[in-house]
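Heads up, the thing below is written out as structure tokens.
Convention: sequence-line order gives letters A, B, ...; per-chain numbering from 1.
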Number of protein chains: 2
Amino acid sequence: MAGVDRSLVAGVPVFAGLAPEQIDQLLQEAQSVRYPKGTNVFQQDEEAHSFFILLHGHLRVFKLTPDGQQVVVRFVTPGEVFGVAMAIGRMTYPATAQAVVDSIALVWPSAAWPRLVATHPGLAVNTLQTVGSRLQDAHTRVVELSTEQVERRVAHALLRLAQRAGRKVEAGVEIDFPITRQDVAEMTGTTLHTVSRILTAWEAQGLVEGGRQRIMIRDPHKLFLLAEGSPS
Amino acid sequence: MAGVDRSLVAGVPVFAGLAPEQIDQLLQEAQSVRYPKGTNVFQQDEEAHSFFILLHGHLRVFKLTPDGQQVVVRFVTPGEVFGVAMAIGRMTYPATAQAVVDSIALVWPSAAWPRLVATHPGLAVNTLQTVGSRLQDAHTRVVELSTEQVERRVAHALLRLAQRAGRKVEAGVEIDFPITRQDVAEMTGTTLHTVSRILTAWEAQGLVEGGRQRIMIRDPHKLFLLAEGSPS
DNA sequence: GGCCATGTTTGCGCCGGGTCAAAGAGCGCC
DNA sequence: GGCGCTCTTTGACCCGGCGCAAACATGGCC
């Protein structure tokens with residue numbers, strides 16, 4: 001589709017090492033689609049018709065358990081590919097992706113994937129690295145859930161959020177999109193009550209600063225020490 | 001290296017769709033190496049010099065936390081690739097792989113990977129699917145650790161073990177390699193004490209049968225119901 | 001065949017954090 | 001500009017499962 005400029009995807013890792021003409025060619029097959037805040041880009045168990053690159057906004061990717069609990073898998077930030085279910089051999093999406101703010105993504109039909117990787121071998125190699133680093137992240141979470149207490153898990157989660165979606169402001173680093181205590185609970189395997197108690201305590205120590213759907217880290221270094229288990 | 005017959009890797013998914021001549025060509029670059037029980041195939045944080053396919057035996061892959069706790073990432077069974085750190089863009093291994101019984105693996109130098117995928121594009125695609133399915137597994141574990149109680153996590157872990165490494169015997173399905181209560185604890189984020197108590201209780205109900213480094217599932221269906229949360 | 005190392009069982013006490021309940025606070029919408 | 005929904009805070013209670021401790025079983029090895 002016309003109108004998608006190459007500069008939009010200049011720094012996207014999945015396109016690393018591909019020639020400009022190749023990138024243009026890939027972009028021609030994509031559509032740019034808007035997803036208003038609150039809408040789902042795709043839903044768990046739905047047929048994996050498309051794969052995506054986020055251009056603008058933020059997505060919350062979560063799994064729903066049979067008894068209705070949600071577990072946040074990750075947040076997608078601009079420049080990331082997502083919804084690559086087909087590429088990893090799945091017919092359906094393993095989770096739901098929901099826009100937490102108005103978002104825009106490039107959309108390719110999944111059916112085009114085999115042809116695209118055949119034409120651009122670098123694509124499979126780059127995607128392999130992307131999926132690989134997500135595997136690392138997932139294993140890190142497994143280790144944390146298995147061995148750390150709640151407070152340290154929350155600290156780790158916030159530090160990771162700050163790194164990937166932090167905006168530097170005067171007084172510290174602020175998470176760049178609306179995020180609830182419930183979200184943090186669903187990232188760390190605990191309850192919103194416990195998260196609230198922990199954040200309140202940290203706020204009293206000047207470690208973080210809260211607000212409705214807002215978290216700002218005032219002292220990243222101290223939070224890091226806490227995450228690594230140095231006695232409070 | 002001579003002496004590695006194609007029939008050894010007939011059903012290995014990573015080679016799916018490759019022509020027999022291509023497979024022969026890949027095998028020529030590999031060495032077959034023995035790893036006696038208890039030895040490490042590679043170690044966490046060590047430079048990722050090689051990648052592997054397990055031909056015979058079983059490996060226990062685990063991560064070591066800074067405070068010395070181990071978390072079992074998975075068990076490798078014959079036919080699986082492992083140690084593909086380089087392919088997913090890491091210079092070092094993220095975990096340790098240890099032979100739980102005498103094992104044999106095919107070994108390629110990591111340095112050969114870029115050339116191999118360039119020559120055999122199907123390799124990257126297949127590896128992507130393999131890594132993708134591991135990502136699924138890891139996310140499943142995150143969901144379980146986040147939302148389920150210990151007993152159900154242990155049930156899920158045993159069912160997965162039985163599926164991937166179960167040997168049918170007269171009275172049920174037996175895990176096909178020596179596995180300790182401690183191992184199960186490290187797979188499920190609990191302690192060996194709790195695992196022991198759970199297994200003892202299940203044994204009293206005729207669900208499983210234990211022994212030193214031995215677990216046999218007598219009633220997979222009942223165990224499945226328990227794993228899915230049906231009231232005991 | 002007996003010793004020793006490694007793995008397993010079991011009891012007891014305690015506490016991190018989940019559950020239940022209810023009262024505030026901020027924001028969007030009409 | 002006020003009403004109501006959503007998000008957050010805080011309290012009180014309680015229990016699953018972890019930590020500690022000690023006895024017991026099993027198989028490998030000399």
Side-chain angles (χ1 to χ4, degrees), chain A residues 36-38 60 65 67-72 98 100-102 144-155 157 175 177-204 208-216 226 229 231-232, chain B residues 36-38 60 65 67-72 98 100-102 144-155 157 175 177-204 208-216 226 229 231-232:
Chain A
K37 171 175 176 170
R60 176 176 171 275
T65 65
D67 57 320
Q69 293 184 76
Q70 299 189 357
V71 175
V72 171
Q98 178 184 54
V100 294
V101 294
D102 290 350
E144 288 178 9
L145 284 163
S146 299
T147 64
E148 294 178 359
Q149 320 227 110
V150 173
E151 191 176 34
R152 290 178 58 187
R153 299 208 301 267
V154 173
I175 309 301
F177 54 85
I179 185 169
T180 66
R181 309 284 179 268
Q182 177 76 36
D183 287 330
V184 177
E186 289 171 3
M187 298 177 69
T188 52
T190 180
T191 63
L192 89 150
H193 307 274
T194 300
V195 171
S196 178
R197 280 183 249 266
I198 288 172
L199 289 187
T200 303
W202 285 352
E203 189 150 11
V208 303
E209 199 177 296
R212 191 191 171 84
Q213 306 199 24
R214 226 189 98 248
I215 300 174
M216 197 200 72
L226 207 158
S232 170
Chain B
K37 172 174 177 170
R60 176 175 169 275
T65 66
D67 57 319
Q69 292 183 77
Q70 299 190 357
V71 175
V72 170
Q98 178 184 54
V100 294
V101 293
D102 289 350
E144 288 177 8
L145 284 164
S146 298
T147 64
E148 295 177 357
Q149 318 227 112
V150 173
E151 190 176 34
R152 288 178 57 189
R153 299 208 302 268
V154 173
I175 309 301
F177 53 85
I179 184 169
T180 67
R181 308 283 179 269
Q182 178 75 36
D183 287 330
V184 177
E186 288 171 4
M187 298 177 70
T188 52
T190 183
T191 62
L192 91 151
H193 307 275
T194 300
V195 171
S196 178
R197 279 183 250 267
I198 288 172
L199 289 187
T200 302
W202 286 351
E203 190 149 11
V208 303
E209 199 176 295
R212 190 189 173 86
Q213 306 199 38
R214 227 189 96 248
I215 300 175
M216 197 200 73
L226 207 158
S232 169

Where the side chain of [X] is defined as all heavy atoms beyond and including C-beta, which of [options] is the nearest nucleotide?
| X | options | value |
| --- | --- | --- |
| B/Thr200 | C/dA21, D/dG17, C/dT10 | C/dT10 |
| B/Arg197 | C/dG16, C/dG11, D/dA12 | C/dG11 |
| B/Arg212 | C/dC20, C/dG18, D/dA25 | D/dA25 |
| A/Ser196 | D/dT9, C/dG18, C/dT8 | D/dT9 |
| A/Gln149 | C/dT9, D/dC18, C/dG17 | C/dG17 |

Does a nitrogen or oxygen in the side chain of [X] sit under 4.0 Å from OP1 or OP2 of [N]?
| X | N | value |
| --- | --- | --- |
| B/Arg181 | C/dG7 | no |
| B/Thr194 | D/dC18 | yes |
| A/Thr180 | D/dC7 | no |

Between the base of D/dT10 and the side chain of A/His193, is there any donor-acceptor pair under 3.5 Å?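 It does, because a donor-acceptor pair links the side chain of A/His193 to the base of D/dT10 below 3.5 Å.
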In this structure, how many angstroms lie between the [atom2] atom of [N] and the [atom1] atom of [X], rounded?
| X | N | atom1 | atom2 | result |
| --- | --- | --- | --- | --- |
| A/Asp183 | D/dT6 | CG | C1' | 13 Å |
| B/Arg152 | D/dG16 | CZ | P | 15 Å |
| B/Gln182 | C/dT9 | CD | C1' | 14 Å |
| B/Glu209 | C/dT8 | CD | P | 15 Å |
| A/Gln213 | C/dG26 | CD | C1' | 10 Å |
| B/Trp202 | C/dT8 | CH2 | P | 15 Å |
| B/Ile198 | C/dT9 | CD1 | C1' | 14 Å |
| A/Glu151 | C/dG16 | CD | P | 11 Å |

Hey, is the main chain of B/Gly189 close enough, under 3.5 Å, to the side chain of B/Arg153 for a donor-acceptor pair? yes
Backbone N or O of A/Ser196 within a donor-acceptor pair of the A/Thr200 side chain at under 3.5 Å? yes
Go through it in stages, so that I can follow the logic: the residues are B/Glu186 and B/Arg60, the test is salt bridge (Lys or Arg N to Asp or Glu O under 4.0 Å), and I'd like the CA-CA distance, side-chain angles, deciding distance and then a yes or no. CA-CA 11 Å; B/Glu186 288 171 4; B/Arg60 176 175 169 275; 2.7 Å; yes
With heavy-atom distances below 4.5 Å as the criterion, would you say the side chains of B/Val184 and B/Ile215 are in contact? yes
When rounded to the nearest 0.5 angstrom, what is the spacing between CE in A/Met187 and CD in A/Gln70? 13.5 Å
So what does B/Leu192 hit on the nucleic acid, given a heavy-atom distance under 4.0 Å: a base, only sugar-phosphate, or nothing? base
